[in-house]
Each structure stands twice: as structure tokens, then as C-alpha cells.
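Worksheet for the structure shown next.
Reminder, nothing fancy here: chain letters follow the sequence lines and each chain counts from 1.
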Protein chains: 2
Amino acid sequence: MSPRPAPDLDRRRYRITRTARDLVESEGWSAVTMRRLASELGVTQPVLYSAFPAGREALLDAVAVSGFEAIAEALEAVEPEALARMHAYLDFAAERTHLYEAMFSLPSGLQFGTGGGPEPLQRAFAALRNAFPGPDSVRTEVAWATLHGLATLRIHGRLPASSASARLHLAHRMLTQLPENDSRGGGIDDG
Amino acid sequence: MSPRPAPDLDRRRYRITRTARDLVESEGWSAVTMRRLASELGVTQPVLYSAFPAGREALLDAVAVSGFEAIAEALEAVEPEALARMHAYLDFAAERTHLYEAMFSLPSGLQFGTGGGPEPLQRAFAALRNAFPGPDSVRTEVAWATLHGLATLRIHGRLPASSASARLHLAHRMLTQLPENDSRGGGIDDG
DNA sequence: AACGTTCTCTAACAACGCTAGCATTGCTGT
DNA sequence: ACAGCAATGCTAGCGTTGTTAGAGAACGTT
């Protein structure tokens with residue numbers, strides 16, 4: 001019934017993902033081609049497709065999830081306080097630029113928030129949520145959006161680096177020194 | 001000395017950029033290839049390189065700048081008040097998803113803020129700045145980051161659509177109902 | 001009308017993601 | 001131990017991509 005042992009696809013996926021992550025961090029996304037990746041692993045291209053039948057995009061998704069694992073760890077490494085975790089978040093984005101890009105710009109989309117999504121995403125979201133206690137997740141969602149905006153605009157050089165610290169502190173004040181909201185904004189009418 | 005008239009490169013650049021923008025909005029970025037673009041314009045690929053010697057990336061930058069022109073108009077179209085312009089910003093990002101992506105994700109980077117950069121970028125930034133009056137640009141920068149984060153995360157389906165309105169109103173409160181800051185946060189030590 | 005310069009097109013290159021088909025591998029049953 | 005078999009991995013190729021060199025056409029000048 002099984003004349004030849006099936007390869008350990010989980011382990012293979014892990015190895016490929018790790019190599020892709022190393023490659024993207026050291027040489028950028030343009031270096032992450034299927035050929036280069038196979039060559040780096042000492043195998044040929046079709047092997048990659050045995051681990052990721054959906055192709056390159058699925059592989060990139062795996063790298064992204066791996067990135068969420070890393071940022072979850074980075075956030076959990078500091079005390080569950082707003083400013084500390086905000087700083088950790090922005091540091092992560094600044095130091096691991098290409099990986100951060102993969103987590104947001106490239107993949108097709110995996111949902112955050114209270115709902116589903118892969119476990120590392122929920123972990124990362126929870127790590128931020130713990131730093132912004134409150135009855136609902138809205139503040140955390142806005143905090144994430146603000147951090148993501150700051151990170152992205154900084155990565156792409158959109159904002160002057162000189163006022164980076166001022167921006168972080170203002171964002172921190174905004175997100176913490178504001179009383180709870182009671183005006184029910186509804187949730188049906190969105191653009 | 002000039003046996004044949006040089007083509008009007010400015011006009012050519014404009015035409016190419018407009019076609020690329022239409023194409024990206026109707027069929028997404030995967031459709032914007034040099035061949036397809038040339039075919040759409042009734043010319044061949046080398047003509048595109050005469051207008052954009054730096055290649056495809058420069059062309060995408062031009063599309064991005066054109067997008068900033070469009071978002072500047074969208075912001076200027078509503079009254080210079082915070083909530084209205086925030087709404088206009090998010091509507092623009094939601095309705096012209098692919099174009100918005102080009103403006104931030106893809107290009108190499110053109111600086112915002114008070115400093116230089118192409119004129120449309122400064123116009124768009126000024127349109128937002130007028131909605132957030134204050135002594136410096138920091139609040140506007142954070143506002144832009146927050147809006148950009150909300151827009152991006154929404155585009156990629158990262159945040160549940162149900163609480164979109166609640167997020168907008170919280171962000172608006174954060175950015176407006178907070179007194180001016182006097183703690184000099186410095187600007188040297190950034191990550 | 002012929003020239004000369006400049007532009008534009010044809011054609012091709014290298015590299016990309018991806019896939020069909022063949023050779024190889026390693027277990028199984030006698 | 002030896003042959004059979006099924007799933008593996010590799011070789012080779014297809015169709016595209018961005019980009020570029022060299023041939024051909026077009027136009028103003030003389």
C-alpha cells in the first residue's frame with residue numbers, strides 16, 4: 001500500500017518557510033524565487049510544490065504566519081504595558097522590514113481580531129490587547145492600525161525620522177489618556 | 001540637426017500613466033504589464049521605456065503620484081473638518097483599493113510631511129493638516145498613520161468590517177479630544 | 001529628390017512561476 | 001534474496017514577465 005515512505009511534509013514546510021524567511025530578511029523579496037529557494041535548500045523546484053501545492057503565494061503566507069509568531073514573541077517579551085509594547089512593535093517593524101512587509105502587504109489576507117485566523121495571529125493580537133485593557137477590542141484595533149500605519153509609513157520613508165519619538169508619544173497618549181466611549185457608533189453603515 | 005521631431009515626452013508620460021491607472025483600477029495590478037500597457041496604448045514596449053527609462057518601477061511611481069493627486073482632490077472636496085476628511089480618506093481607500101495600494105505598498109518611497117516630495121503629496125498632506133490645526137505637524141502625521149493603518153488593514157481584510165464605524169469614531173475622538181502636548185519627547189532616539 | 005538623423009518596431013535574452021513525464025527510490029510479498 | 005510496485009524527485013519544457021540590442025521606417029532639411 002505504501003511502497004515508498006511519504007516525506008514528512010510538515011517538516012519540509014517548516015524548513016522551506018525558515019529558509020524563505022532568512023532569505024527575505026537578508027536579501028529582500030526579489031531574491032525569494034522558487035528557483036533560488038530550491039537551490040538554497042539543495043532540492044529542485046517541484047519539491048517546493050509538493051509542500052505548497054497552491055504555489056508561491058501559499059509559501060509567502062506561511063512566511064507571514066511565521067512573522068506573526070515572531071512579533072508575538074517580541075511583544076510578549078516586554079511587560080504588558082501600552083508604551084512598552086508599542087515600542088516593541090515599532091522596533092520589530094523597523095528591524096525586520098522585509099518580514100514585516102510580508103505579513104501585511106503581500107498575502108491574500110488572514111483576519112485578525114477576536115475572530116478566527118491562524119493561532120500566531122491571535123497570539124499577536126492578544127499580546128497587544130493585554131496592553132490596552134477595556135471592554136471591547138475596538139481600542140486595540142485602532143491601536144494596531146495606528147502602529148501599523150506608523151510602521152509602514154516609516155518603512156517607506158514617508159514620514160521624517162526626526163519626529164518619530166514625538167509621534168510615538170502622542171499616539172500613546174491618544175490611546176491611553178482617553179475615557180471610555182459610550183456613544184454607540186453602530187456598525188452597519190460602513191463604506 | 002533635428003531631422004525628426006522629438007516626441008512630447010511629457011504628454012506621453014501622462015497618457016501612459018493614465019492608462020496604467022485605469023488598468024489597475026479595473027483589473028488589478030497583475031494586469032499592468034508592459035506588454036498589456038503597450039497594447040492598450042497601441043504602441044510597443046520600447047516606447048514605454050522612452051518615456052520611463054528607469055523602467056516599470058518609475059512608471060508605478062508616476063501612477064502613485066497621480067493617486068496622491070486624486071486623494072488630495074477627494075479630501076479638498078469636503079469641508080476642512082477632522083471627521084469629514086477622515087471619512088473621505090477611508091472612502092477613497094475603500095473605493096480605489098488598487099490605486100491606494102500603489103501609493104504606499106509598491107513604490108520605493110517619496111517623503112511626506114513638511115519637507116519635500118512631489119507637489120501632489122504635499123497637497124494631500126496639507127489637506128489633512130488643515131483638518132487638524134495645531135502648532136506642529138505631529139498630530140497630522142499620527143492622524144495620517146492611523147488612517148493609513150485603518151485603510152490598509154481593512155483592505156487586506158485584517159479587521160472585522162462590523163466595527164469599522166466604531167473604529168473611525170474612536171480614532172476621531174483620539175485625534176481631536178486631546179489637549180496639546182508639552183512634554184518634549186525629543187527626536188534623536190528613535191528605533 | 002536625396003540625405004541624414006531620430007524614432008519605432010521586430011526579435012530576442014534572461015529569469016520567472018509552474019507542470020508534465022520519466023527515471024529512481026524504497027518498501028513489500030513470495 | 002529477489003522481483004514487483006507505487007509514490008517520489010528530477011529533467012526538461014511551456015508560457016510570461018521586464019528589458020534591451022539592432023534593423024527598419026519616418027520625418028525635417030538641403
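Considering only side-chain atoms of B/V47, the nucleotide from D/dG18, C/dC9, C/dC16 that sits closest is C/dC9. For A/T44, the side-chain atoms get nearest to D/dT11 when compared with the rest of D/dT11, C/dT8, C/dC9. When distances are taken from the side chain of A/V43 to each of C/dT8, D/dC10, C/dC9, the shortest belongs to D/dC10.
A search for side-chain hydrogen bond (donor to acceptor under 3.5 Å, both in side chains) contacts involving A/E69 returns nothing, not counting sequence neighbours. Taking the side-chain hydrogen bond (donor to acceptor under 3.5 Å, both in side chains) definition, one finds that A/S50 meets it with A/R12, sequence neighbours left out. Checked against salt bridge (Lys or Arg N to Asp or Glu O under 4.0 Å), B/E27 has the following partners two or more places apart in sequence or in another chain: B/R36. With sequence neighbours excluded, the residues satisfying side-chain contact (heavy atoms from CB on, under 4.5 Å) with A/A127 are A/L75, A/E76, A/R85.
Counting heavy atoms from C-beta on, the side chains of B/V78 and B/H87 never come closer than 4.5 Å.
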Under 3.5 Å, which N/O atoms of the protein pair with N/O atoms of nucleotides 18-21 of chain C?
from	atom 1	to	atom 2	distance (Å)
C/dC18	OP2	A/Y49	OH	2.9
C/dC18	OP2	A/R56	N	2.8
C/dC18	O5'	A/Y49	OH	3.3

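Across all their heavy atoms, A/A31 and A/L23 have their closest contact at O-CD2, 3.7 Å. Taking each heavy atom of B/F132 and B/A143 in turn, the nearest pair found is CE1-CB, 3.7 Å.
Annotation: proximity of residues 12-27 of chain A to DNA chain C (heavy atom, distance under 4.0 Å) is found for no residue.
At whole-Å resolution of the value, CH2 in A/W29 and C1' in C/dG17 are 15 Å apart. In this structure, the CG atom of A/L48 is 15 Å from the P atom of D/dT8, given to the nearest Å.
Listed pair A/T33 / C/dC16 meets the phosphate criterion, a side-chain N or O lying under 4.0 Å from OP1 or OP2.
Between A/W144 and A/Y89, the angle of the ring planes goes over 60°, which puts this pair in the perpendicular group of the 30/60° scheme.
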